[in-house]
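Please read these numbers as outputs of a predicted model, since none were measured by experiment. Any value given below was found using the heavy atoms of this structure, including those in side chains, with hydrogens, waters and symmetry copies removed.
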Amino acid sequence: GIRVGDIVTSIAGRAVDDPESLRYRIATLPIGQSVPLQVLRQGRTLTLPVALAAPPEQPPRDATRIQGAVPVAGATVMNLSYAVIDELGLSGTPPGVVVAEVERGSNAARVGLRPGDILLRINGAPAAAARELQGQLAQSRSWRLDIRRGAQTLSVQVQL
């Protein structure tokens, strides 16, 4: 029932002052329940029921362990979706590939990859989806990895 132009004033009885406070209020409510959302529409206050659901997992996470003589070997990567961003406490928007785990002593660990790192580009091309990343990495013997870690973008040159 929300329409373009509606001004959200509260959710579940808690005031909403800006988009960030709306995101916070929604994030602290339990999934699966319905809560009242108060909006101002053309000078009238309306209360609308809103069902709370988990963020969509689109694309599917497709957790994939990378193997072989590539710099990301030993890492488990997943497609970045809003559900994964929420679950891992990351910032950013899909698409992308996020490092979920790094095996101790692996190539990925030696390169300095950490859980939560987002692979942006490999040799200048956008990082492929998790299931396709192994093939993308296998096309070279020298790699430039562009990685987003928090607010920083790192560029790492690797040759095995």
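- Side-chain atoms of Asp117 never come within 3.5 Å of backbone atoms of Val99 as a donor-acceptor pair (strictly under, hydrogens ignored).
- No donor-acceptor pair closer than 3.5 Å links the side chain of Ser140 to the backbone N or O of Trp143.
- Side-chain atoms of Leu80 and Val97, non-hydrogen and from C-beta on, never get closer than 4.5 Å to each other.
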message: As a quick check of understanding, evaluate side-chain contact (heavy atoms from CB on, under 4.5 Å) for Gln33 and Val35, giving each step before the final call.
response: CA-CA 7 Å; Gln33 78 178 54; Val35 297; 3.1 Å; yes
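- Leu22 and Leu40 sit in two unconnected hydrophobic clusters of ILVMFWY residues. Membership requires side-chain heavy atoms under 4.5 Å apart, directly or through other members.
- Within the 4.5 Å cutoff, no side-chain heavy atoms of Arg141 are placed close to those of Gln159.
- The distance from atom OG of Ser155 to atom CZ of Arg144, rounded to the nearest 0.5 Å, is 5.0 Å.
- Leu113 and Val77 fall within the same hydrophobic cluster, defined by Ile, Leu, Val, Met, Phe, Trp and Tyr side-chain heavy atoms under 4.5 Å apart, directly or through other members.
- Among all heavy-atom pairs drawn from Pro59 and Ser81, the shortest one is O-CB, 3.6 Å.
- When all heavy atoms of Ala100 and Met78 are compared, the pair lying nearest together is CB-CE, 3.7 Å.
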task: Output, in order, the C-alpha distance, side-chain angles, deciding distance and verdict of side-chain contact (heavy atoms from CB on, under 4.5 Å) for Thr153 and Leu120.
output: CA-CA 9 Å; Thr153 299; Leu120 301 172; 3.9 Å; yes
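- Atom-to-atom distance recorded for Leu48:CG and Arg41:CZ is 6.0 Å, nearest 0.5 angstrom.
- More than 12 heavy atoms of other residues, nucleotides or ligands sit less than 6.0 Å from atom CZ of Arg149.
- Side-chain atoms of Arg25 come within 3.5 Å of backbone N or O of Ala15 as a donor-acceptor pair.
- The 12-atom threshold is not exceeded at CD of Gln42, counting heavy atoms of other residues, nucleotides or ligands nearer than 6.0 Å.
- Within the 3.5 Å criterion, the main-chain N or O of Ala130 finds no donor-acceptor partner in the side chain of Asp62.
- When all heavy atoms are compared, the tightest approach of Val158 to Pro71 is CG1-CB, 3.7 Å.
- Val8 and Leu29 fall within a single hydrophobic cluster, where Ile, Leu, Val, Met, Phe, Trp and Tyr are joined by side-chain heavy atoms under 4.5 Å apart, directly or via other members.
- Of the inter-residue distances, the one linking Leu46 atom CG with Leu37 atom CG reads 10.0 Å to the nearest 0.5 angstrom.
- Nearest heavy-atom pair across Asn107 and Val70 is ND2-O, 3.0 Å.
- Looking at Gln38, its side chain never comes within 3.5 Å of a backbone N or O of Ile11 through a donor-acceptor pair.
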query: Taking it one step at a time, do Leu119 and Asp146 satisfy side-chain contact (heavy atoms from CB on, under 4.5 Å)?
result: CA-CA 6 Å; Leu119 298 173; Asp146 294 326; over 6 Å; no
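- Taking every heavy atom of both residues into account, Ala73 and Gly68 meet most closely at CB-O, 3.1 Å.
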Leu133 vs Ile122, side-chain contact (heavy atoms from CB on, under 4.5 Å): CA-CA, chis, key distance, verdict: CA-CA 9 Å; Leu133 191 62; Ile122 298 169; 3.3 Å; yes
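- Gly135 and Gln139 get closest at one heavy-atom pair: O-CG, 3.3 Å.
- The number of heavy atoms from other shown groups lying within 6.0 Å of CD (Gln134) is above 12.
- Residues Val111 and Val72 are not in side-chain contact: their nearest non-hydrogen atoms beyond the backbone lie 4.5 Å or more apart.
- Residues Val16 and Leu52 share a hydrophobic cluster, clusters being chains of Ile/Leu/Val/Met/Phe/Trp/Tyr side chains in contact below 4.5 Å.
- With Gln136 contributing its side chain and Pro126 its backbone, the two residues share a donor-acceptor pair below 3.5 Å.
- Side-chain atoms of Ser106 come within 3.5 Å of backbone N or O of Ala109 as a donor-acceptor pair.
- Judged purely by atom type and a 3.5 angstrom limit, Arg110 uses its side chain to pair as donor or acceptor with the backbone of Gly105.
- Between the CD1 atom in Ile147 and the CZ atom in Arg121 there is a gap of 11.0 Å [rounded to 0.5 Å].
- Expressed to the nearest 0.5 Å, how far CG of Asn79 lies from CZ of Arg131 amounts to 8.5 Å.
- Linking Ile, Leu, Val, Met, Phe, Trp and Tyr residues whenever their side-chain heavy atoms come within less than 4.5 Å places Val102 and Leu137 in a single cluster.
- Within the model, atoms OH of Tyr82 and CG of Leu90 stand 13.0 Å from one another, a figure rounded to the nearest 0.5 Å.
- Not one N or O on the side chain of Asp6 forms a donor-acceptor pair closer than 3.5 Å with the backbone of Val39.
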